2 protein chains.
Amino acid sequence: MRTAFYISDGTAITSEVFGHATLSLFPTEFNHRTIPFVETPEKAEEIKRVINQTAAKSGERPLVFFTFVNHKLSEIIKSSDAVCYDFLSVFSEQIKHELKLEPVPKVHRTHSMHEKSYDYRIDAVNYALANDDGANVKDYEKADIILVGVSRSGKTPTSLYLALQYGIKAANYPMTEDDLESGSYPRCLLPYKHKLFGLTISPERLSAIREERMANSRYASIRQCRMEVMEVERLFKKNRTPYLNSTCFSVEEISAKIISEAGLERRKY
Amino acid sequence: MRTAFYISDGTAITSEVFGHATLSLFPTEFNHRTIPFVETPEKAEEIKRVINQTAAKSGERPLVFFTFVNHKLSEIIKSSDAVCYDFLSVFSEQIKHELKLEPVPKVHRTHSMHEKSYDYRIDAVNYALANDDGANVKDYEKADIILVGVSRSGKTPTSLYLALQYGIKAANYPMTEDDLESGSYPRCLLPYKHKLFGLTISPERLSAIREERMANSRYASIRQCRMEVMEVERLFKKNRTPYLNSTCFSVEEISAKIISEAGLERRKY
């Protein structure tokens, strides 16, 4: 199996995302290795030896996706027995001509706490935790969005993802049987109806998820799940609450759809 | 200000990460716009109009970073009045020759719930929440890692990031004054000393963070923070617990360092 290395003087997250997206186009498996914080020539030489050993052992040149600010480090890695993809350089050359501006490389430009948005993101994580699962219904004034849905429809991971990745303050409120029976939103949500976003899910998937939590319970039964999902969707429609069905989507996809449909302002790019 | 578009038939996360990393090399500001889920020619034509309007209004061609599986959609976007960077294609051409394999484009390859690691990640988020802040000390058997440190040293956001991004089950335990006074780890942690990873922080930064939570408290006082940090670091050293100082690092950086230093197995690439 071919080895793919993701190497950087920072977190190597950019190399990973780019390398992974590119390699996922090919119908084969790779052995992935990330090596972050390669910040000195000594460390780069050490990594070069690791790459060369991998090449010698497998008989195939590893693929190396790297980003370095310090040119000297790039040169050391490029001199290894690997196929190197210096993907930022290729495009920065092109963009340089378009912008008529020279690039000014700096370490830790991305994924560092010096990004303007960093404090927002940490605040938003604290907010999401304090306002998870209806734990606190008195702080919705500060919410950018309030996710509503039945228990286990994906609200919590989505709230956390919106906070961590984008600095969006997302509260979430679980619609209980009492709420659903009453056929309307609970009083604590009424002043914030414009901030609500619904998540729904297929009853079958909901039942499977709940079954893992509480096997053979009424809570997990398909009959109960069907009823709750039907009622919550009716509520969303009646109130014109935008909503989406999370059954086939990842938190990344759900978050991207919510940001786009609700027109939320992101605090991080 | 020049506008940068990130466009895709999926979440557009790959385009964003790549575009943002490239543009951050240049000492200028951009107006960022992400447009995910462009899945039909009609939608692509609509986006082309938006791009062209932006170009006309600002008098500068926008920069467009895109990934599409469907070639027809790429062509529509490429025919807009913008500078387009089809960054995946450039490298997939090169990799094709190295691997002697044709790429097989599929939509939603990345950032979707069909990735093998997806269920692990959601499980890990549930685990991190249930085992946050010492809330549950009976489930450490299942932990991949247990973060320890004084209150507000960055344990919770790091646990959540490790879970959401990498599917790593991270518990976290706050070292209380009682624990610190006793000079040893609490009994619940003793069987899991090999899983511990310490986070420490500068007393000044800790005091500032605590001050926001509880102004003018003993808890936030610099004297108290100095004492706690000194005691916790002494404890880490005495027990040979690996640790890092989180003061100047983002959750991304802390997570990358922990994974690398603790040799954790990632469940997602």
Side-chain angles (χ1 to χ4, degrees), chain A residues 2 10-14 16-18 20-28 32 34-37 61 63 67 83 85 87-88 90-92 94-96 98-99 101 103-105 108-113 115 118 122 125 129 132 156-157 160-161 164 248-253 256-257 260 266 269, chain B residues 2 10-14 16-18 20-28 32 34-37 61 63 67 83 85 87-88 90-92 94-96 98-99 101 103-105 108-113 115 118 122 125 129 132 156-157 160-161 164 248-253 256-257 260 266 269:
Chain A
R2 189 83 73 138
T11 61
I13 292 174
T14 304
E16 278 181 8
V17 171
F18 177 78
H20 184 243
T22 311
L23 295 181
S24 71
L25 295 166
F26 294 91
T28 182
H32 303 278
T34 298
I35 305 176
F37 304 109
R61 291 194 301 170
L63 310 182
T67 63
V83 198
Y85 301 100
F87 55 95
L88 284 187
V90 169
F91 288 90
S92 73
Q94 296 180 20
I95 292 170
K96 185 173 99 175
E98 176 62 28
L99 295 179
L101 257 183
V104 182
H108 310 311
R109 300 176 321 279
T110 56
H111 308 115
S112 100
M113 73 185 304
E115 288 193 296
Y118 191 71
I122 297 303
V125 170
L129 289 171
D132 183 38
T156 297
L160 291 171
Y161 193 84
L164 258 174
C248 302
F249 298 121
S250 68
V251 282
E252 285 88 341
E253 292 170 322
K257 281 174 195 283
S260 161
R266 295 165 43 149
Y269 258 97
Chain B
R2 189 83 73 136
T11 60
I13 292 174
T14 305
E16 279 181 9
V17 171
F18 177 79
H20 183 242
T22 312
L23 294 182
S24 72
L25 296 167
F26 294 92
T28 182
H32 303 278
T34 298
I35 306 176
F37 304 109
R61 290 194 302 169
L63 310 181
T67 62
V83 198
Y85 301 101
F87 55 96
L88 284 187
V90 169
F91 288 90
S92 74
Q94 296 180 20
I95 292 171
K96 185 173 98 175
E98 176 62 28
L99 295 179
L101 257 183
V104 182
H108 310 312
R109 301 175 322 277
T110 56
H111 307 116
S112 100
M113 73 186 304
E115 288 192 296
Y118 191 72
I122 297 303
V125 170
L129 289 172
D132 183 39
T156 297
L160 292 170
Y161 193 84
L164 258 174
C248 301
F249 297 121
S250 68
V251 281
E252 284 88 342
E253 291 171 322
K257 282 174 194 281
S260 161
R266 295 165 43 150
Y269 260 98

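Here is how names work: the chains are called A, B, and so on, in the same order as the sequence lines, proteins then strands, and each is numbered from 1. In this text the structure is predicted, and so the values were computed from the model without any measurement.
- Note: B:Phe91 and A:Phe91 have tilted aromatic rings, judged against thresholds of 30 and 60 degrees for the angle between ring planes.
- Of the atoms belonging to B:Val251, heavy atoms from both backbone and side chain fall under 4.5 Å from chain A.
- Side-chain contact between B:Ile95 and A:Val83 is absent, with no heavy-atom pair separated by less than 4.5 Å.
- Contact check for B:Lys257 versus A:Pro36: no side-chain heavy atoms found under the 4.5 Å cut-off.
- Of the two parts of A:Leu101, the backbone and the side chain both hold a non-hydrogen atom closer than 4.5 Å to a non-hydrogen atom of chain B.
- For chain B, the nearby part of A:Leu164 is the side chain; its heavy atoms alone come within less than 4.5 Å.
- Considering only heavy atoms from C-beta on, B:Leu160 comes within 4.5 Å of A:Leu129 through its side chain.
- Residues A:Arg2 and B:Glu98 are in side-chain contact: their nearest non-hydrogen atoms beyond the backbone lie under 4.5 Å apart.
- If you measure heavy-atom distances from B:Val125 to chain A, the contacts under 4.5 Å come from the side chain alone.
- Heavy atoms of B:Leu23 lying under 4.5 Å from chain A belong exclusively to its side chain.
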### Message
Is there a side-chain contact (heavy atoms from CB on, under 4.5 Å) between A:Thr34 and B:Arg266? Walk through the geometry before answering.
### Response
CA-CA 10 Å; A:Thr34 298; B:Arg266 295 165 43 150; 3.6 Å; yes
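- Side-chain contact between A:Phe87 and B:Thr22 is absent, with no heavy-atom pair separated by less than 4.5 Å.
- For a residue to count as touching a neighbouring chain, one of its non-hydrogen atoms must lie under 4.5 Å from one of that chain's; by this rule B:Thr67 does not touch chain A.
- Chosen from A:Ile122, A:Thr156, A:Leu99, the residue pairing most often with chain B at heavy-atom distances under 4.5 Å is A:Leu99.
- For A:Ser260, the part sitting under 4.5 Å from any heavy atom of chain B is the side chain, from C-beta outward, and nothing else.
- Atom NE2 of A:His111 and atom OG of B:Ser250 lie 8.5 Å apart (nearest 0.5 Å).
- Taking each heavy atom of B:Ala256 and A:Phe37 in turn, the nearest pair found is CB-CE1, 3.7 Å.
- Counting heavy-atom pairs closer than 4.5 Å to chain B, the top residue among A:Glu253, A:Arg61, A:Lys96 is A:Glu253.
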